[in-house]
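Down below is the structure, laid out as structure tokens.
None of these values were measured; they are calculated from a predicted model. We're numbering straight along the sequence, starting at 1.
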Amino acid sequence: MKHVKTMSLPDCDKLIYSSGMIARQIGVMFVVDDEEAVMAESYPIIGGGLSNADGSIMPEECIRSKMVCRVGEKITPKRFAEFVKMGMHEEVPSTAWELYGQLRENGSDLRLPVWAKDGEPIREYHVELEFHNFKEEACCYSTDTSDFFFEVYYNRDDKDDVFSQLSGQLMDYMNILDTEELGCKIIFYTVDFDYQDVVDRLNKIEIETRYCEMRNPRR
């Protein structure tokens, strides 16, 4: 017979990523089987953010949740990209904009890393894109060395589609950075000559922002 118990964590200030969401963990639900006590399962209970006191039980076990940061802590774009990548790979994918909204809703936000020599914020980021063609479908994604995560799937050789999807994800990041008043540039490059024209188009987009330096062609 299985028993369910919950443990409240009202003072917990830990933000976690679980099942495509970033939220504050406010408790744990334990599921214990009388015959297999050592195989007890635990699931995180998350809060509803600063504007909602309700809690929700996540479908993935605690062992699969990842700590994002403490409430009120600021994280770098590269750290945020780790969760964007996981979110895009969920059964129901999450976008960078959705995850960013959850981060802010729980009292945290983003910060730019700084140069060691003078402590000034780093305001130019280079994103390497890899393109892979399969039989009918193709995919493009940013490498792990990049500070921002991009990933799109498209019909093979449909360059307009891959450009449209990548530019849409770029706009999400620009809106995020603009909201945080973090002025910087994102510059794309690739070693795949067949898609150099797509990368050139991305780097020539002039984007109207208040704080991000994206008005002039970036390459």
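- The two residues N106 and A23 make their nearest non-hydrogen contact at ND2-CA, 3.8 Å.
- A distance of 10.5 Å separates CD in E73 from CG in D109, rounded to the nearest 0.5 Å.
- For E124, the CD atom counts as densely surrounded, since its 6.0 Å shell holds more than 12 non-hydrogen atoms of other residues, nucleotides or ligands.
- The CZ atom of F148 sits 9.5 Å away from atom CG of L170, with the distance rounded to the nearest 0.5 Å.
- The two residues Y154 and D158 come nearest to each other via the heavy atoms CD1-O, 3.9 Å.
- From D200, atom CG reaches atom CD1 of I205 across 11.5 Å, with rounding to the nearest 0.5 Å.
- Grouping the Ile, Leu, Val, Met, Phe, Trp and Tyr side chains by contacts below 4.5 angstrom, directly or via other members, places L110 with W115.
- In terms of modelled atom types and a separation under 3.5 Å, the side chain of Q169 and the main chain of E151 share a donor-acceptor contact.
- In this structure the side chain of L112 never reaches within 4.5 angstrom of the side chain of I122, judged on heavy atoms.
- Using a 3.5 Å distance cut-off with no hydrogens or angles, the side chains of Q165 and D161 do pair a donor with an acceptor.
- One N or O on the side chain of S94 and one on the backbone of G20 form a donor-acceptor pair closer than 3.5 Å.
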Dump the intermediate steps for side chain to side chain contact (heavy atoms under 4.5 Å, CB included) on I207 and C212, then the final yes or no. CA-CA 9 Å; I207 301 173; C212 295; over 6 Å; no

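- The main-chain N or O of D144 is found under 3.5 Å from a side-chain atom of K78 such that the two form a donor-acceptor pair.
- Salt bridge D194/K159: absent, no basic N to carboxylate O contact under 4.0 Å.
- Screening F131, Y173, Y125 for a ring pair (Phe, Tyr, Trp, His ring centres under 6.0 Å) involving F150 leaves a single residue, Y173.
- Side-chain atoms of N203 come within 3.5 Å of backbone atoms of F188 as a donor-acceptor pair (strictly under, hydrogens ignored).
- Between the side chain of S18 and the main chain of R64, no donor-acceptor pair closer than 3.5 Å is present.
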Between C140 and L166, does the side chain to side chain contact (heavy atoms under 4.5 Å, CB included) criterion hold? Intermediate values first, please. CA-CA 9 Å; C140 168; L166 288 171; 4.0 Å; yes

Apply the test side chain to side chain contact (heavy atoms under 4.5 Å, CB included) to residues L15 and L103: give CA-CA distance (whole Å), side-chain angles for both, the deciding distance (0.1 Å), then the verdict. CA-CA 8 Å; L15 295 188; L103 186 71; 4.2 Å; yes

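- Panel note: side chain D178, backbone R210; a donor-acceptor pair is recorded below 3.5 Å.
- Remark: the Y17 side chain and the E82 side chain contain no N/O donor-acceptor pair separated by less than 3.5 Å.
- Rounding to the nearest 0.5 angstrom, the gap separating the CZ atom in R111 from the CZ atom in R79 is 11.0 Å.
- Note that the NZ atom of K14 and the CZ atom of R24 stand 12.0 Å from one another [nearest 0.5 Å].
- Between Y100 and T179, some side-chain heavy-atom pair lies under the 4.5 Å cut-off.
- Under the 4.5 Å side-chain heavy-atom criterion for grouping Ile, Leu, Val, Met, Phe, Trp and Tyr, V31 is connected to I26 within one hydrophobic cluster.
- Rounding to the nearest 0.5 angstrom, the gap separating the OH atom in Y211 from the CZ atom in R123 is 12.0 Å.
- Clustering ILVMFWY residues whenever any of their side-chain heavy atoms sit less than 4.5 angstrom apart, transitively, puts Y141 in a cluster other than the one holding Y153.
- Under the 4.5 Å side-chain contact rule for hydrophobic residues, I63 and I45 do not share a cluster.
- Between F134 and H132, the ring-plane angle classifies as parallel under the 30° and 60° cut-offs.
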Does L129 form a side chain to side chain contact (heavy atoms under 4.5 Å, CB included) with Y195? I'd like the steps, not just the answer. CA-CA 9 Å; L129 297 177; Y195 284 89; over 6 Å; no

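- Put simply, the side chain of T190 never gets that close to the backbone of Q196: no donor and acceptor are under 3.5 Å apart.
- When all heavy atoms of C69 and I75 are compared, the pair lying nearest together is CB-CG2, 3.7 Å.
- Of all heavy-atom pairs spanning P44 and I16, the tightest one is CB-CD1, 3.7 Å.
- Between L99 and V84, the closest heavy-atom pair is CD1-CA, 3.7 Å.
- Scanning all heavy atoms of the two residues, the minimum distance from D147 to A81 falls at O-CB, 3.7 Å.
- Under a hydrophobic clustering in which Ile, Leu, Val, Met, Phe, Trp and Tyr are joined whenever their side-chain heavy atoms come within less than 4.5 Å, directly or via other members, V114 and L182 fall into different clusters.
- Here the side chain of S164 pairs no donor or acceptor atom with the backbone of D160 at under 3.5 angstrom.
- Remark: the backbone N or O of E128 is not paired with any side-chain donor or acceptor of T145 at under 3.5 angstrom.
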